[in-house]
Amino acid sequence: MPRRTVCAILFTALFLLCLLAPSCSPAQKEPEEPVTAGFECDLDVQYRDMEVKGHLTRRTAGSLLLELTEPSTLNGLSMEWDGEKVVLKLHELSFDVDPAVLPESALGQGLLSALDAAVGQREDRTRTGEGLATSGSITQGEFTLVSDPDTGALLSLQIPAMELSAQFSNFTAG
């Protein structure tokens with residue numbers, strides 16, 4: 001058998017073996033980590049009996065900026081956690097709040113806790129029809145954070161004990 005033919009057969013066999021092996025197959029690609037810091041997105045939240053919409057920015061773990069647009073009574077309200085204090089702003093009025101005085105059930109506190117807790121939760125991740133679900137426990141109760149398995153973009157967050165359900169859209173990492 002000519003040398004070229006043997007090389008072609010070996011190359012084809014290796015290629016097929018690689019496609020069939022779990023570590024080489026694109027279908028078995030390790031899912032991306034959920035992006036829990038260094039992003040911004042729009043947010044649509046069902047929180048108890050209220051629907052809240054706004055824009056969420058998170059530069060680092062422990063920080064969060066939530067700028068509300070709906071309902072109209074909260075339009076212009078922003079809440080910023082920097083790890084040490086919370087700054088509430090409404091138009092030109094601004095004041096600092098000690099995070100310890102905020103109730104654990106506060107909307108922003110629940111978002112912040114779930115995003116911080118989702119970091120490194122590899123063993124509590126499963127693929128679902130919606131995406132990659134990361135489950136965990138925070139002071140406010142159990143949570144499930146769903147992200148796109150290919151990009152890590154956040155898709156939704158559920159914290160049943162808080163009656164909180166959030167949908168993320170227009171997600172931009174960076």
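In what follows, every heavy atom counts, from backbone to side chain, and hydrogens, waters and symmetry copies are set aside.
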Margin query: Hydrophobic clustering (ILVMFWY, side-chain heavy atoms < 4.5 Å, transitive) - are Leu111 and Val119 grouped together?
Written below: no
Check: Just by modelled atom types, is the Ser63 backbone N or O under 3.5 Å from a matching donor or acceptor in the Arg58 side chain?
Finding: yes
Next item on the list: Please round to the nearest 0.5 Å and tell me the distance separating atom CZ of Arg48 and atom CE of Met162.
Entry: 6.5 Å
Checklist line | Verify same cluster id: Leu90, Val87 (apolar side-chain graph, 4.5 Å) | finding: no
Item checked: For the student: nearest non-hydrogen atoms of Ile138 and Ala114, plus distance -> CD1-N, 4.0 Å
Note to self: For the OG1 atom of Thr151 and the CD atom of Glu33, what is their distance to the nearest 0.5 Å?
What the structure shows: 12.5 Å
Item checked: Cys41 side chain reached by Asn170 side chain, heavy atoms, under 4.5 Å -> no
Margin query: How long is the straight-line distance from CD of Glu80 back to OG of Ser94, given to the nearest 0.5 Å?
Written below: 9.5 Å
Margin query: Quick check against the 3.5 Å criterion: does Asp116 have a side-chain atom that pairs as donor or acceptor with the backbone of Gly62?
Written below: yes
Notebook entry, point to check: How many angstroms lie between NZ in Lys53 and CG in Leu68, if you round to the nearest 0.5 Å?
Noted result: 12.5 Å
Notebook entry, point to check: With the 4.5 Å side-chain cut-off for hydrophobic clustering, are Phe168 and Val146 part of the same group?
Noted result: no
Next item on the list: Of all the heavy-atom pairs spanning Ser78 and Glu67, show the shortest one and how long it is.
Entry: CB-CG, 3.9 Å
Notebook entry, point to check: Do any N or O atoms from the side chain of Thr57 and from the backbone of Glu40 form a donor-acceptor pair under 3.5 angstrom?
Noted result: no
Check: Can you find a heavy atom in the side chain of Leu112 that is under 4.5 Å from one in the side chain of Met79?
Finding: no
Check: Between Phe143 and Ala117, which heavy-atom pair has the shortest distance, and what is it?
Finding: CE2-CB, 3.8 Å
Notebook entry, point to check: Measuring from Ser169:OG to His55:NE2, what's the distance to the nearest 0.5 Å?
Noted result: 9.5 Å
Notebook entry, point to check: At what distance, to the nearest 0.5 angstrom, does CG of Leu115 lie from CG of Leu56?
Noted result: 7.0 Å
Next item on the list: Work out which heavy atom in Gln109 is nearest to a heavy atom in Trp81; give both atom names and the distance.
Entry: OE1-NE1, 3.3 Å
Next item on the list: Look at the side-chain heavy atoms of Ile, Leu, Val, Met, Phe, Trp and Tyr, link any pair under 4.5 Å apart, and say whether Leu66 and Leu88 land in one connected group.
Entry: yes
Notebook entry, point to check: Does the side chain of Leu154 reach to within under 4.5 Å of the side chain of Pro34, using non-hydrogen atoms?
Noted result: yes
Margin query: Tell me whether Phe171 shares a hydrophobic cluster with Leu65, the cluster being built from Ile, Leu, Val, Met, Phe, Trp, Tyr side chains joined at under 4.5 Å.
Written below: no
Check: For the residue pair Ser137 and Glu142, what are the closest heavy atoms and their distance?
Finding: OG-OE2, 3.3 Å
Margin query: Restricting to non-hydrogen atoms, name the atom on Gly110 and the atom on Ile159 that form the minimum distance, rounded to 0.1 Å.
Written below: O-CD1, 3.7 Å
Next item on the list: Would you check if there is a donor-acceptor pair between the side chains of Gln167 and Ser156 at a distance under 3.5 Å?
Entry: no
